[in-house]
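Proteins come first, then strands; the chains are lettered A, B, ... in the order of their sequence lines, and each starts at number 1.
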Amino acid sequence: MNLFDDIKALVLDGLDALTRDGTLPAGLDFANVTVEPPRDPAHGDMATNAAMVLAKPAGLKPRDIALALVDRLTADARVAQAEVAGPGFINLRLADGVWQRLVAGILTAGADYGRVTRGQGKRVNVEYVSANPTGPMHVGHTRGAVFGDALANLLAHAGYDVTREYYINDGGAQVDVLARSVYLRYLEAHGQEVAFEDGTYPGDYLIDVGRALKDKVGDAYVGQPESVWLTEVRTFATDAMMALIREDLAALGVRMDSFFSEKSLYGTGRIEAALADLDAKGLIYQGVLEPPKGKTLEDWEPREQTLFRSTAHGDDVDRPVKKSDGGWTYFAPDIAYHYDKVSRGFDMLVDVFGADHGGYVKRMKAAVSALSDGRVPLEVKLIQLVRLTRGGEPVKMSKRAGTFVTLRDVVDQVGADVTRFVMLTRKNDAPLDFDFDKVLEQSKDNPVFYVQYAHARVCSVMRKAAAAGTVPDDAALAAADLSGLSHPAELDVVRKLAEWPRLVDIAAQTGEPHRVAFYLYDLASAFHALWHRGNAEPDLRFLSDDDRGDPAKIALPRAVAVVISAGLGILGVKPLEEMR
RNA sequence: GCACCCAUAGCUCAGCUGGAUAGAGUGUCGCCCUCCGAAGGCGAAGGUCGUAGGUUCGAAUCCUACUGGGUGCGCCA
């Protein structure tokens, strides 16, 4: 139910008719014809560029096409007025009944209003978070987690079949470091004095893990060499860290469909299988890379390595998959992981990375392109940094001193809902300022509050109406006579509601959930303005003096609440029924 | 040196994959509560969309070259 699609269909019908009667030449391409909300509301409800786009290929003046099309459009009952404006736009004004039916339709559809069919059930894998299992999640991970989760919701809303996946980096050297750090805490639990040198994680969060290890194995590993305990402790430690991370995710309201272990790729032939696939395509060879220019690498010496010909799929240089000592590079398991995703039959892949991994995008795309023979697109979304402040002052963080701010610190202080919304008020590739004090402020310059407040106001109206004994449910409201819903100030809000499906569609297409947050702010703003006009103009109040709810009046605020609720749902934020 | 990202009001940022007179918040100035929640609303002022070209009916948006900032660049993930 997208009003813009409906009217676009009407415009295209009109163009077909003009083609049939010879006004327009046959065979014109209508692909660039759009129907959009005009920037200036004075121009009407919708505008189409049809006449301007078609003028040149048709060999006609824009104005002539526009005038002919206007005749066709005004014949439709939904169009109250159509006129040619500017360089050849056709501005449309729609009949009040269109808006009234839209409100009824929103109330009938409920949370489904705004679902679009862009995805057509295509299967998409969204990989996000993917923090190393070496400690609790910190603020940097938080933004990626919130973004990925909202993007997944958004794609689901747009008709994709979404799988949310977490890639556990439990295969590299960093988990050995974790294991040694836990071992030190284990010795500590046995009363030994230990020193945390460089190359270990000193964080307090491992104390409990060390104790738990002691409870499990007693003193079996005390005084033993690594060869005895490393493998066991590594597994024990990563399991403990993943339990920690799952709790962090739960606190943030993020639920994954699938966890994929990097370790499961080693020693199982899966990396070899992925590289064999590339080899069969002639993309693996032995060679020597040029040193990077302009950057002085100490102890650089040319070495022959096993390389992936990623340049054949758009990369700048070929990339090594084996180290000179014969071990895999970190790239190799990533290739195997994405090979696995491709083999699972996804139609589209999305990776959410930190912005510091930007240099990794091309080779990853090249790998997926090669592995899927170009069938499966990989979209990589880069997440910029979060700058934490409190009262305008930067929050000092030091990883060495173990004083970095964790996800839990943030969620405990400001709540999951506020954290999520604020993290989505900026485009993913723009840095984000997060001020602990400001995000809790209850005022207009806090968008979370402002949107929640609009929803709470609607709930307040409904409570009053209920207290007065009139509580029509949404189905009854939708079926009621809404012809009284016709004041220009009211229709302004309805127009905003009409944009919702279109916005979901665009946000899903661009992969930009922040658009939802901005839209909700705009909608809330339109609603607050209408609310305030009720102060001076009793006709615009939602409730009559005795608090009775006339359907034509309370259907609109209910529809606003439905859309805010749906939008917040995509962001993963719970709408509030009252502000306290 | 190369690649990717960014540059829009004093400040923080949007700008609907090319549309009409470029928008919000904040800050500054001025208004609005006998009235459903003023935790709000209305208005004024504020711009060479980094620079220079190009593409076309039309460019903040697309292309090229610059300037300035960020990130990354074999055997770390």
B/U48 - base-pair partner by Watson-Crick or wobble geometry, distances under 3.5 Å: none
Candidate nucleotides B/G40, B/U17, B/G19, ranked by approach to the side chain of A/Q509 - the nearest: B/U17
Whole-angstrom distance between B/G15 and B/A24, as gauged at atom P: 15 Å
N/O (side chain, A/K438) to phosphate O (OP1/OP2, B/U26) under 4.0 Å: no
Listed nucleotide nearest any side-chain atom of A/M52, set B/G19, B/C6, B/G37: B/G19
Pairwise P distance for B/G41 and B/C62, with rounding to whole Å: 34 Å
base_contact_polar (B/G41 base, A/H528 side chain, donor-acceptor, <3.5 Å): no
Nearest-nucleotide pick for A/Y330, side chain only, options being B/C75, B/G37, B/A60: B/C75
Selected nucleotide, minimal atom distance to A/L289 side chain, candidates B/G74, B/A20, B/A77: B/G74
Watson-Crick/G-U partner (both atom distances under 3.5 Å) of B/C57: B/G19
Proximity to the side chain of A/Y450 - top-ranked nucleotide from B/G41, B/C4, B/C36: B/G41
Any strand: nucleotide that pairs with B/U67 via Watson-Crick or wobble, under 3.5 Å: B/A7
Integer angstrom distance from the C1' of B/C4 to that of B/A45: 40 Å
B/A24 pairs with, by Watson-Crick or G-U criteria that keep both distances under 3.5 Å: B/U12
Pair partner, B/G43 [Watson-Crick or wobble, under 3.5 Å]: B/C29
Geometric cation-pi criterion A/R502 and A/F4, 6.0 Å radius, 45° cone: yes
A/R457 side chain to A/Y453 side chain, donor-acceptor N/O pair below 3.5 angstrom: yes
Separation between the P atoms of B/C13 and B/G74, rounded to whole Å: 31 Å
Pair A/Y167 and A/F353, ring centroids less than 6.0 Å apart: no
Of A/K341, A/K365, A/K381, the residue whose pairing with A/D351 passes salt bridge (charged side-chain N to carboxylate O under 4.0 Å, His left out): A/K341
Side-chain N or O of A/W531 closer than 4.0 Å to phosphate OP1/OP2 of B/A38: yes
Ring geometry between A/F331 and A/Y360 (parallel below 30°, tilted from 30 to 60°, perpendicular above 60°): perpendicular
Polar side-chain contact A/R303-B/C75 base: donor and acceptor under 3.5 Å: yes
Residue matched to B/C2 through Watson-Crick or wobble contacts both under 3.5 angstrom: B/G72
Under 4.0 angstrom between A/K362 side-chain N/O and B/C4 OP1 or OP2: yes
Which nucleotide in B/C75, B/C13, B/A38 has an atom nearest any side-chain atom of A/Y453: B/A38
Candidates B/G72, B/A20, B/G74 - which lies nearest the side chain of A/D356: B/G72
Residue A/R426, side-chain heavy atoms: nucleotide from B/A77, B/A20, B/A14 that is nearest: B/A14
Paired nucleotide for B/A38 [Watson-Crick or G-U wobble; both distances under 3.5 Å]: none
From B/A24, B/C57, B/G19, nucleotide with atom closest to A/Y521 side chain: B/A24
Whole-Å P distance, B/G50 and B/G10: 13 Å
Nearest to side-chain heavy atoms of A/D40, which nucleotide of B/G37, B/G15, B/U21: B/U21
A/F147 and A/Y128 aromatic centres sub-6.0 Å: no
OP1 or OP2 of B/C36 under 4.0 Å from side-chain N/O of A/R533: no
